[in-house]
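The structure under discussion appears below in the form of structure tokens.
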Amino acid sequence: MEQNILEIRHLCTSLFTEKGELKAVNDVSLSVAAGKIVGIVGESGCGKSMLARTVMGLIPSPGKLVSGEILLAGRDLARLSRREYCAIRGKELSMIFQDPMTGLNPVMTVGKQVKEAIRQHSAVSTAEAERRTIKIFESVGIPDPEKRLRDYPHQLSGGLRQRVLIAMAMVCQPRLLIADEPTTALDVTVAAQILRLMRELCEKGTSILLISHNLGVIAQICDDVYVMYAGSIVEHADPITLFENGLHPYTRGLLNAVAALHRNDEVLETIQGVVPNLLHLPAGCSFSMRCAQCRPDCADHFPEMRRVAPGHEVRCHLVSGEEEA
Ligand SMILES: Nc1ncnc2c1ncn2[C@@H]1O[C@H](COP(=O)(O)OP(=O)(O)O)[C@@H](O)[C@H]1O
Ligand SMILES: [Mg+2]
């Protein structure tokens with residue numbers, strides 16, 4: 001059997017706010033096979049970053065992991081102590097955060113931060129660490145790397161800071177890299193370069209969980225895609241199946257938006273309405289109030305994830321499973 005580097009089972013993370021429990025991650029199950037790039041796509045506010053932070057053991061307050069398992073090479077991270085978590089972050093598990101200021105120390109030069117990350121995980125001389133830093137800076141497209149490594153984070157543009165973070169996450173060649181919207185702040189050429197780098201890193205043995213609100217980005221490099229909506233996974237398939245035969249009305253909406261972008265439509269086709277407030281989720285399908293195909297019973301109970309073909313699963317009352325097909 002193919003080994004999964006990451007296997008998440010029935011994960012629930014909630015934010016216990018003054019207004020009540022906000023289910024940011026609601027019964028999420030997914031897996032990342034060794035040597036693969038797996039994408040998570042969904043609109044802003046659907047819980048992608050909260051899911052990533054839960055895997056990293058860095059849930060912001062007032063959030064808490066409520067239930068579920070996070071198996072990294074078979075070991076359940078949900079049970080780790082803070083100290084055990086620190087020992088695996090960096091070497092085994094690394095994350096590129098959505099906000100490029102998170103994760104950089106404002107009072108240390110970026111070169112020193114990357115060198116320290118290298119030296120923390122491998123016994124190399126300062127000179128060798130510097131050489132590697134310059135090399136990784138070059139490969140993430142930081143111009144003039146010898147000069148840049150003497151800069152402090154505030155002296156760099158947002159795009160350059162993002163590239164430093166990517167370099168730092170990549171330099172230790174972790175087993176699993178979680179990249180949360182890594183290219184959103186970058187222009188298209190640099191973004192394409194970063195995606196190529198991720199593919200290379202993956203070929204060297206790092207599995208990647210790539211998070212984006214942009215289905216176009218996800219489809220470009222992922223082997224497998226999970227569509228997330230209002231804290232839950234609503235569809236799972238490889239990108240070709242998703243494009244050719246995406247079945248969930250929400251997935252179809254995302255696909256239409258990508259197609260409209262390619263046609264350069266003046267009026268961008270979007271999905272009607274907004275992501276529901278996760279504090280007050282409806283009892284039934286969380287997409288029901290935005291769904292053009294919604295039937296009266298859709299709002300009654302939460303749909304199960306059904307397998308429609310090997311490797312293709314959908315959470316929609318309108319889609320029947322394999323055995324019924
Ligand atoms: N610190 C916080 N306090 C309260 N609610 C939060 C906090 N951070 C995120 N949320 C809420 O959690 C939900 C998921 O957020 P997030 O994981 O950042 O979404 P995404 O990354 O998909 O845009 C959203 O409804 C957001 O409003
Ligand atoms: Mg996010």
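Both counts, for ligands and for their atoms, begin at 1 and track the order of listing.
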Notebook entry, point to check: Within less than 4.0 angstrom of ligand 1, does Gly47 place any heavy atom?
Noted result: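 So Gly47 counts as touching ligand 1.
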Next item on the list: Report yes or no: does a heavy atom of Pro60 sit under 4.0 Å from some atom of ligand 1?
Entry: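 Per 4.0 Å heavy-atom rule, Pro60 does not contact ligand 1.
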Under a 3.5 Å cutoff, is there a donor and acceptor pairing between the side chains of [X] and [Y]?
X      : Y      : answer
Glu43  : Tyr250 : yes
Asp187 : Thr189 : yes
Glu128 : Ser125 : no

Among all the protein's non-hydrogen atoms, which is closest to [atom], and how far away is it?
atom                    : result
atom 13 (C) of ligand 1 : Leu278 CD1, 3.8 Å
atom 24 (C) of ligand 1 : Gly45 O, 3.6 Å
atom 1 (N) of ligand 1  : Ser61 O, 4.0 Å
atom 2 (C) of ligand 1  : Leu15 CD2, 4.1 Å
atom 18 (O) of ligand 1 : Ser49 CB, 3.7 Å

Notebook entry, point to check: Closest approach of Ser232 and Phe302, non-hydrogen atoms and distance?
Noted result: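 Minimum heavy-atom contact is OG-CZ, 3.5 Å.
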Check: Is the shortest distance from atom 27 (O) of ligand 1 to a protein heavy atom below 4.0 Å?
Finding: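 So atom 27 (O) of ligand 1 lacks protein heavy-atom neighbours under 4.0 Å.
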Next item on the list: Could you check Arg75, Arg79, Arg9 and say which one makes a salt bridge (charged side-chain N to carboxylate O under 4.0 Å, His left out) with Glu69?
Entry: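 Exactly one candidate clears the test, Arg9.
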Checklist line | N/O separation below 3.5 Å, Ala24 to ligand 1 | finding: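 No, no N or O pair falls under 3.5 Å.
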Note to self: Please check whether Lys48 reaches ligand 1 - meaning an N/O of the residue sits under 3.5 Å from an N/O of the ligand, judged on distance alone.
What the structure shows: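 Between Lys48 and ligand 1, an N or O pair is found under 3.5 Å apart.
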Next item on the list: Could you tell me the separation between the CD1 atom of Ile221 and the OG atom of Ser212, rounded to the nearest 0.5 Å?
Entry: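 One finds 10.0 Å between CD1 of Ile221 and OG of Ser212.
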Margin query: For atom 9 (C) of ligand 1, tell me which residue out of His213, Met50, Arg53 has the closest non-hydrogen atom.
Written below: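 Residue with the shortest heavy-atom distance to the ligand atom: Met50.
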Looking at [Y], is its backbone amide N or carbonyl O close enough to the side chain of [X] to form a donor-acceptor pair, meaning the two atoms are under 3.5 Å apart?
X      : Y      : value
Arg306 : Cys316 : yes
Arg315 : Ile233 : yes
Arg119 : Val124 : yes
Asp76  : Ile70  : yes
Glu235 : Gly246 : no

Notebook entry, point to check: What are the protein N/O/S atoms, named by residue and atom, that sit under 2.8 Å from the Mg ion (ligand 2)?
Noted result: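 Result, waters dropped: Ser49 OG, Gln98 OE1.
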Next item on the list: Check each heavy atom of Asn277 against ligand 1 and say whether those closer than 4.0 Å belong to the side chain, the backbone, both or neither.
Entry: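 Neither; nothing of Asn277 gets under 4.0 Å from ligand 1.
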Check: Of all residues at least two apart in sequence or in a different chain, which pass the salt bridge (charged side-chain N to carboxylate O under 4.0 Å, His left out) check with Asp300?
Finding: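 For Asp300 there are no salt bridge (charged side-chain N to carboxylate O under 4.0 Å, His left out) partners, ignoring immediate neighbours.
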Check: By number and element, which atoms of ligand 1 are closer than 4.0 Å to a non-hydrogen atom of Ser44?
Finding: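 So the atoms of ligand 1 that pass are 23 (O).
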